[in-house]
Protein chains: 2
Amino acid sequence: MIGSAGAGDRAAASGPAGGARRQRRVSMADVARRAGVSSQTVSRVSNGHPGVVDTTRRQVLAAMKELGYRPNSAARALKRGEFRTIGIITFSLSTTGNVRTLEAIATSAAQHGYATTLLPVAIPTQDEVRGAFTRLGELAVDAIIVIMEVHLLDAATVSLPPNVGVVVADSDAGDRYSVVDTDQAGGARDAVRHLLDLGHETVWHLAGPEESFAAQRRTDAWRATLQEAGRDVPAPLRGDWSAESGYRAGLRLAQEPHCTAIFAANDQMALGVLRALHESGRTVPDQVSVVGFDDIPDSGSFVPPLTTVHQDFAEVGRRCVEGALRQIGSDAEERGTTLVPTRLVIRRSTARPPAPAG
Amino acid sequence: MIGSAGAGDRAAASGPAGGARRQRRVSMADVARRAGVSSQTVSRVSNGHPGVVDTTRRQVLAAMKELGYRPNSAARALKRGEFRTIGIITFSLSTTGNVRTLEAIATSAAQHGYATTLLPVAIPTQDEVRGAFTRLGELAVDAIIVIMEVHLLDAATVSLPPNVGVVVADSDAGDRYSVVDTDQAGGARDAVRHLLDLGHETVWHLAGPEESFAAQRRTDAWRATLQEAGRDVPAPLRGDWSAESGYRAGLRLAQEPHCTAIFAANDQMALGVLRALHESGRTVPDQVSVVGFDDIPDSGSFVPPLTTVHQDFAEVGRRCVEGALRQIGSDAEERGTTLVPTRLVIRRSTARPPAPAG
DNA sequence: CCGCGCGATGTTTACGTAAACATCTCGCAT
DNA sequence: ATGCGAGATGTTTACGTAAACATCGCGCGG
């Protein structure tokens, strides 16, 4: 109702030309004229400032509605010197973790009255990243959240806009940036201990790609946990996070007669491992136990439902935003790493190892 | 190098205070002073306008570099009346399709020099959607792309900013908006025909949620294809896109003795169906064939690898951006629907039906 | 040899908002 | 009764950019 009335008014005002959509926007001055007040009063109403008597406020609000007034955020940003926007740099959104973190960031930012500008970096080369930062520098953002391996960010650092804070998710650059991350090590340790507690002699590992710090930390914790327990450390296999790479690795693991427990660095690769084991005739969990990492929504529907390490991506996103806003507020750079705890979700892909043959 | 030099200069200029990050930004006036020209000349250089002699241009560029100048996009947007930004309204990013479309949109927009502002709508109520549109109206966007079921958009329409074009993905509102969508009907028809061609008597259907037009269209096409072929149309089951709901439906389908072919409305539900069939002792594809929809990256690693309908989300995203830019350029609203074709990917979850028992 | 014209550059102004400052109008205390 | 102060509202100005308009200088033709 309201909206259409406004539209009607404006169409009428635009004269016989009609249909033109890009006529001048309704400004505070227009509202002020209509309401019979000054534009400053309109501004006060618009921003909820005190010191406007109730009758006046109502008049202004009425005028706003009639005209369909919307604040011009460009002018507002220019005047205030801030954009109320957070920029997000991210790699491809093909991994669940990135997506869920992104979603949480956007949601959390919105709750704080901030918009989010998305800057995907198609190819993870330093040139691409630097380009993204350059574009961000020209963009209207008050802070930047980076969801990516930070070593690709090094060369780009120099072109970082000097006035914006940076928060990095999923990285180890706590010495240079404010980092929010899942407690990869703790999660991996829980996964390995779970398998050892079940009675497995050792745990094989399907690692994520070399360039991922998250993958590296999971691998390190896997190795450390085995060593602490005095177990053999089998050579880890390496995948690229994809189910397909998990499948290939799984085929090889299926050939290892002593392999009774596998810790895959993410759920998608675990999915591939499950398929490979299934096709190789090795049953899960009776002959081989499998643990994943992430707890993606589908993992409860794998065959069998996957025991995995739950990551609280929402919390990661929330803390990223908090960190970004804190930096915006304080004008001071932050450093250091915040870890978000994980939780082991035990389903049906893990069990006690089979009784030793012979 | 360049960046750090600029930072050094500015730190020096800022005097002994040091460390303050939110000093005033370098403006065109600063650059102009440094280069010994007028700010208008700086503007011309900055925007690549002709009519600046080469030596002057070089001086200006040098001054920009020295000072670390970055255009203020707020002022630019205010002056130009456009933001070079596309707003994206989307539901939760839990479905692969939305995510991949989003990614394609952001990438494509960036290639056209446009930024993308993300506006997630947590709860798909009309109030939420309207709120999102209100926020977008205040946001700095030249066009809006909506990735959601459009009927939730109806009530919000009235508060649509009058100057921005709207493109909708995944909807049937071609009469009111410019819509880009996957050819749901064609894909569903291909899936069903594939199963019929294999010799199945009929095809059971696990539909998506009622409120999804995509789901509805897939269901309609499934029914129509069966009817065209003169087959029985079993009552469709309904899921909510999740693997878990697919599992529940799958358990019921496993009880149907005549059910030899299942068309699930998306891959995730198909995953759940596969698990349910497996646990019920019905082998895929020997006893039951299953087809999904989407071709998510993991579907090739399901057990067995899933035959599914591939959606070209990248193309959908690209066309959304093209449509949005066209509307920005022409100041005219567009309507009508653009369909992006699908492709049936045949893997190993489909086969000829088992020979009739007895 | 002078002026015309064009290309290069400078100056003015407006975009819409909101802070800072100015003014105005009451009510209340003296 | 009157003046003072607090609260309500109006006026001025600046944010950084870029269009529109103004000016300057130089080369070339008459």
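Sequence lines set the chain letters: A, B, ... in the order given, protein chains first and strands last, and positions in each chain run from 1.
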Judged by atom type as modelled, is there a donor-acceptor pair below 3.5 Å linking the side chain of Thr116(B) to the main-chain atoms of Leu118(A)? yes
Quick one: Phe83(A) CZ to dG16(D) P, roughly how many Å, whole number? 10 Å
Side chain to side chain donor-acceptor pair (under 3.5 Å) filter on Ser46(B), not counting sequence neighbours, yields Arg76(B)
Separation of atom CG in Asp30(B) from atom C1' in dT17(D), rounded to whole Å: 13 Å
What's the CD-P distance between Glu82(A) and dA18(C), to the nearest Å? 11 Å
Nearest whole Å is fine: how far is dC15(C) P from Met28(A) CE? 13 Å
Please examine the side chains of Tyr177(A) and Val146(A), heavy atoms only from C-beta on, and report whether any two atoms are closer than 4.5 Å. no
My understanding is that only residues two or more places apart in sequence, or in another chain, count here; which of them pass side-chain contact (heavy atoms from CB on, under 4.5 Å) with Val99(B)? Leu93(A), Val99(A), Leu93(B)
Per Gln40(A) side chain, nearest of listed nucleotides dT17(C), dC15(C), dG10(D): dG10(D)
Could you list, one pair per line, each protein nitrogen or oxygen that sits under 3.5 Å from a nitrogen or oxygen of nucleotides 24-28 of chain D, together with the distance?
none

Are any of Arg76(B)'s side-chain N or O atoms less than 4.0 Å away from OP1 or OP2 of dT17(D)? no
Proximity to the side chain of His49(B) - top-ranked nucleotide from dT17(D), dA14(D), dA19(D): dA19(D)
Would you say Thr338(B) and Val316(B) make side-chain contact, with heavy atoms under 4.5 Å? no
Rounded to whole angstrom units, what separation is found between the CZ atom of Arg84(B) and the P atom of dT17(D)? 16 Å
Rounded to whole Å, the CG-P distance (Asn47(A) to dA19(C)) equals 7 Å
Distance in angstrom units between Gln59(B) CD and dA8(C) C1', rounded: 13 Å
Rounded to the nearest angstrom, tell me the gap between atom CE in Met64(B) and atom C1' in dT17(D). 12 Å
Across all chains, not counting sequence neighbours, the side-chain contact (heavy atoms from CB on, under 4.5 Å) partners of Thr85(B) are Phe83(B), Ala115(B), Thr117(B), Val141(B)
Below the 4.0 Å mark, does dA18(D) have OP1 or OP2 next to a side-chain nitrogen or oxygen of Ser43(B)? yes
Output one line per pair: protein atom, nucleotide atom from nucleotides 5-9 of chain D, and distance, for all N/O pairs under 3.5 Å.
{"from": "dT9(D)", "atom 1": "OP1", "to": "Thr56(A)", "atom 2": "OG1", "distance (Å)": "2.4"}
{"from": "dT9(D)", "atom 1": "OP2", "to": "Val53(A)", "atom 2": "N", "distance (Å)": "2.7"}

Degree of bending in the helix from dC1(C)-dG30(D) to dT30(C)-dA1(D) once both end axes are built from five pairs, to 10°: 60°
